[in-house]
Amino acid sequence: MKLQSERRWITQYTILTLVIFLPLLWSFRYVRNLYPFTVWNVMMAGGDLQTGRSYCVLRGETVAGETIDIRPIELTNALYGRNWTMVNATITNQSFKLPSVHPANVALLERVGGVENLKQGERIPDLLLTWGNLYNNHLPPTSSRRLRVIRLDMYQWSSGQYADYATFITSWRTQL
Amino acid sequence: MNRFTSGSALTLGVTRSVVSGTFLIATLVTSFSALGQLPVTILRPTGLMKVLPWNFYDRLLTPSGMFAFKSVLLLSLLLSTFGLLTSFSTKVSLLLVIFYEGLVRSFGHYNHDEMLAVYYLVVLAFVPCGDDFSLDHWLGRKRAGQSSFIYGYPVLLMQSLMAWVYFSSALVKMRVAGLKYLSADNLPVLAIFHSLDNLHDTGFRLAFWLPQVRVVLPFVVGVVLVWELFFPVAIVWRRARWWILGFGVLFHIATLFLMNIFFPYQLAMYLIFVDWDKVGEWINRRRT
């Protein structure tokens with residue numbers, strides 16, 4: 001009886017092992033993440049000093065007239081480790097380039113006449129509005145620390161040297 | 001082989017509590033209603049998440065929709081952490097966590113921190129992990145059996161998954177970047193890039209010191225690659241295990257301070273290498 005039960009578990013564990021490792025081997029072979037099948041390709045390409053890189057800083061302008069830095073992790077902590085790539089993908093309009101596009105994005109594409117006619121970061125104002133409201137909701141209505149404007153400033157790290165890290169490129173501003 | 005697959009119901013039960021408990025704590029401190037306020041128009045469903053229609057995401061991604069989802073997720077994780085209705089609750093937790101992790105990856109990128117823990121949930125959903133260290137056991141609904149293989153193999157499988165994470169990561173780097181990965185500028189460039197914005201979770205600035213020591217960095221990167229390649233040794237050689245895991249803890253802390261990138265789930269999963277039977281014996285000895 002015991003042997004029979006153990007044999008059943010051996011069969012079950014063999015299937016479980018194959019179900020887990022076969023997709024992992026496939027992901028590894030093709031270096032492709034197809035959720036939930038994963039290849040651990042973190043930092044696989046390495047850094048190259050000659051390649052220019054752009055990055056963003058989230059800031060707010062308070063009612064009192066002060067400009068402050070805001071960390072998105074304090075607003076949307078569900079996206080820990082991912083807020084920066086969400087911004088990058090939104091700047092490059094990635095959500096308009098899917099095989100199945102959201103109906104509201106389809107409507108916008110029809111209005112402007114295609115992806116190529118979209119502004120850079122078409123949906124960034126929507127994201128900024130959400131972040132601005134989340135920030136203000138933490139404060140009393142009379143607080144001078146409330147934001148009247150939230151903005152995303154984009155900079156470039158000029159390539160080729162360990163200096164000139166902050167060449168200003170552009171900014172998105174949303175009035176709250 | 002028997003040496004590696006021997007284990008107890010207690011070890012497997014504690015492992016279930018650790019893995020489910022890690023997700024439970026993370027869910028408790030996460031604002032799902034804030035996530036529900038993000039515009040659905042920036043969502044990019046990834047992999048399996050593509051099978052769900054847009055009107056499903058439209059309904060879910062609201063503060064009330066995400067609050068309801070969080071409540072169900074918390075309940076299932078609570079049950080699986082404490083081991084009540086274990087074979088049911090571990091499967092429900094697995095499904096809900098897979099969905100949630102897919103959702104956050106559909107906003108950002110495919111980051112890898114939680115993925116090993118997700119794979120551990122897959123294992124735990126299909127093994128007898130509620131036979132001990134569970135409410136099911138303490139209420140007399142489940143009994144711990146004798147077979148060490150039945151309880152030991154799942155632990156070996158989870159240890160092998162962790163070894164695969166590091167080993168395959170080293171192989172992929174060598175396949176994609178080759179010897180270029182050992183260039184003196186690799187680490188400083190990556191570290192500085194991840195320290196420039198304020199969109200990362202932390203704002204450590206140690207990366208800007210790295211160019212001053214760039215001559216030694218190829219050796220540092222090389223040591224990390226060798227450590228990743230040798231990680232599977234932690235399964236078979238118990239004496240080396242704590243050195244390998246200790247290096248891992250230092251490595252993940254270093255990526256936090258140098259690159260503002262941290263893998264807390266991955267570190268929590270190191271507990272899979274703890275011999276919980278010995279810990280139990282030690283606790284009992286101290287009691288008596």
Side-chain angles (χ1 to χ4, degrees), chain A residues 2 6 9 12-13 16-17 20 24 28 31 33-49 53 55-58 69 71-73 75-87 89-90 94-95 98 100 102-105 123 126-127 130 133-134 155 157 162 165, chain B residues 30-32 34-35 37-44 46-50 54 98 102 104-105 107-113 115 118-119 122-123 126 147 149-150 153 157 161 164-165 168-169 172-173 176-177 180-181 183 185-190 192-193 196-201 211 261-262:
Chain A
K2 190 187 156 198
E6 198 152 302
W9 280 108
Q12 204 163 313
Y13 286 170
L16 182 62
T17 307
I20 290 173
L24 284 181
F28 173 73
V31 193
N33 285 299
L34 185 69
Y35 187 78
F37 308 132
T38 309
V39 55
W40 275 266
N41 57 347
V42 191
M43 312 278 170
M44 67 174 176
D48 177 10
L49 191 58
R53 286 157 189 266
Y55 63 94
C56 293
V57 178
L58 184 67
D69 281 12
R71 283 202 171 274
I73 188 65
L75 307 171
T76 44
N77 67 352
L79 295 173
Y80 97 89
R82 285 174 275 260
N83 277 303
W84 63 285
T85 42
M86 176 173 70
V87 168
T90 309
Q94 291 299 321
S95 61
L98 305 171
S100 164
H102 187 278
N105 288 344
R123 293 291 183 192
D126 300 340
L127 178 59
T130 303
N133 288 335
L134 284 168
Y155 298 89
W157 172 16
Y162 292 110
Y165 293 118
Chain B
T30 299
S31 170
F32 278 49
L35 181 64
Q37 289 177 57
L38 286 173
V40 71
T41 47
I42 64 170
L43 192 76
R44 295 163 292 117
T46 179
L48 192 66
M49 305 302 286
K50 286 180 187 155
W54 279 113
I98 284 186
V104 288
R105 276 164 185 74
F107 277 110
H109 68 298
Y110 199 116
N111 96 333
H112 293 81
D113 179 26
M115 288 314 297
V118 170
Y119 278 96
V122 175
V123 175
F126 299 100
S147 169
F149 170 79
I150 290 174
Y153 183 80
L157 184 56
L161 277 164
W164 173 253
V165 167
S168 65
S169 170
V172 165
K173 283 170 198 150
V176 174
K180 238 180 75 186
Y181 203 79
S183 87
D185 289 318
N186 176 11
L187 181 58
V189 169
L190 281 177
I192 289 172
F193 172 65
L196 286 167
D197 64 24
N198 71 348
L199 308 181
H200 283 68
D201 305 340
I261 289 173
F262 192 44

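Scope of the values below: all heavy atoms of this structure, side chains included, with no hydrogens, waters or symmetry mates. Lettering of chains follows the sequences in order, A, B, ..., and the numbering in each one begins at 1.
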*For chain B, which of Leu58(A), Leu34(A), Val39(A), Asp126(A) has the most heavy-atom pairs under 4.5 Å?*
Leu58(A)

_Rounded distance (nearest 0.5 Å) linking atom CG of Asn77(A) with atom OG1 of Thr30(B)_ = 5.0 Å

*Top contributor to chain A contacts, counting heavy-atom pairs under 4.5 Å, from Val172(B), Leu161(B), Asp201(B), Ile261(B)*: Asp201(B)

*asked:* Between Phe32(B), Phe262(B), Tyr181(B), who has the most heavy-atom pairs with chain A when the cutoff is under 4.5 Å?
replied: Tyr181(B)

*Considering only heavy atoms from C-beta outward, does the side chain of Tyr165(A) approach that of Ile192(B) to under 4.5 Å?*
yes

*Are side-chain heavy atoms of Leu157(B) and Leu16(A) found at a separation under 4.5 Å?*
yes

*Selection from Val176(B), Leu48(B), Leu35(B), Asn111(B) maximising heavy-atom pairs under 4.5 Å formed with chain A*: Asn111(B)

_Where Val42(A) and Lys173(B) come nearest, the two heavy atoms and their spacing_ = O-CE, 3.6 Å

*So which part of Leu98(A) gets closer than 4.5 Å to some heavy atom of chain B, the side chain, the backbone, both or neither?*
side chain

*asked:* For Asp48(A) and Val189(B): C-alpha separation, side-chain torsions, deciding distance, then whether side-chain contact (heavy atoms from CB on, under 4.5 Å) applies.
replied: CA-CA 6 Å; Asp48(A) 177 10; Val189(B) 169; 5.7 Å; no

_Pick from Thr46(B), Val122(B), Leu38(B) with the largest number of heavy-atom pairs that fall under 4.5 Å of chain A_ = Leu38(B)

*Under 6.0 Å between ring centres, would you say that holds for Tyr153(B) and Trp9(A)?*
no

*Walk me through it: do His112(B) and Asn41(A) pass the test side chain to side chain donor-acceptor pair (under 3.5 Å)?*
CA-CA 9 Å; His112(B) 293 81; Asn41(A) 57 347; 3.3 Å; yes

*Could you tell me which non-hydrogen atom of Ala78(A) sits nearest to which non-hydrogen atom of Ser31(B), and how far apart they are?*
CB-O, 4.3 Å

*For the side chain of Trp54(B) and the backbone of Ala104(A), is there at least one donor-acceptor N/O pair under 3.5 Å apart?*
no

_I'd like to know if the side chain of Arg82(A) and the backbone of His109(B) have a donor-acceptor N/O pair within less than 3.5 Å._
no

_Please rank Leu196(B), Val104(B), Ile98(B) by heavy-atom pairs under 4.5 Å with chain A and give me the top one._
Leu196(B)

_I'd like to verify something: which residue of Tyr80(A), Trp157(A), Tyr155(A), Phe37(A) has the highest number of heavy-atom pairs under 4.5 Å with chain B?_
Tyr80(A)

*Is there a side-chain contact between Trp40(A) and Met115(B), using heavy atoms and a 4.5 Å cut-off?*
yes

*Using non-hydrogen atoms and a 4.5 Å limit, figure out which bit of Val165(B) sits close to chain A: side chain, backbone, both or neither.*
both

_Heavy-atom closest contact (Thr130(A) atom, Gln37(B) atom, distance)_ = CG2-O, 3.2 Å

_Minimum side-chain heavy-atom gap Asp185(B)-Tyr162(A) below 4.5 Å_ = yes

_On a heavy-atom basis, which atom in Thr41(B) and which in Ser95(A) lie closest, and how many Å separate them?_
O-OG, 2.8 Å

*Select, from Gln12(A), Arg71(A), Met86(A), Arg53(A), the one with the greatest count of heavy-atom pairs under 4.5 Å involving chain B.*
Arg71(A)

*chain B: which of Asn83(A), Asn133(A), Leu75(A), Thr76(A) shares the most heavy-atom pairs with it under 4.5 Å?*
Thr76(A)

_Residue part contacting chain B, namely of Ser100(A), when any heavy atom lies under 4.5 Å_ = both

*side chain to side chain donor-acceptor pair (under 3.5 Å) evaluation trace for Tyr110(B) with Thr38(A)*: CA-CA 9 Å; Tyr110(B) 199 116; Thr38(A) 309; 2.7 Å; yes

_Per-residue contact mode, Phe126(B) against chain A (heavy atom under 4.5 angstrom)_ = both

*Specify the closest pair of heavy atoms between Tyr119(B) and Leu24(A), including all atoms of both residues, with the distance to one decimal.*
OH-CD2, 3.3 Å

_Quick check for you: among Pro103(A), Pro36(A), Ala89(A), which has the greatest number of heavy-atom pairs under 4.5 Å with chain B?_
Pro36(A)

*asked:* So which atom in Tyr13(A) and which in Ile150(B) form the shortest heavy-atom distance, rounded to 0.1 Å?
replied: OH-O, 2.5 Å

_Using side-chain heavy atoms (C-beta onward) and a distance below 4.5 Å, is Leu43(B) in contact with His102(A)?_
no

*Region of Leu127(A) that comes under 4.5 Å of a non-hydrogen atom in chain B*: both

*Can you check whether Asp197(B)'s main-chain N or O pairs, donor with acceptor, with Tyr55(A)'s side chain at less than 3.5 Å?*
no

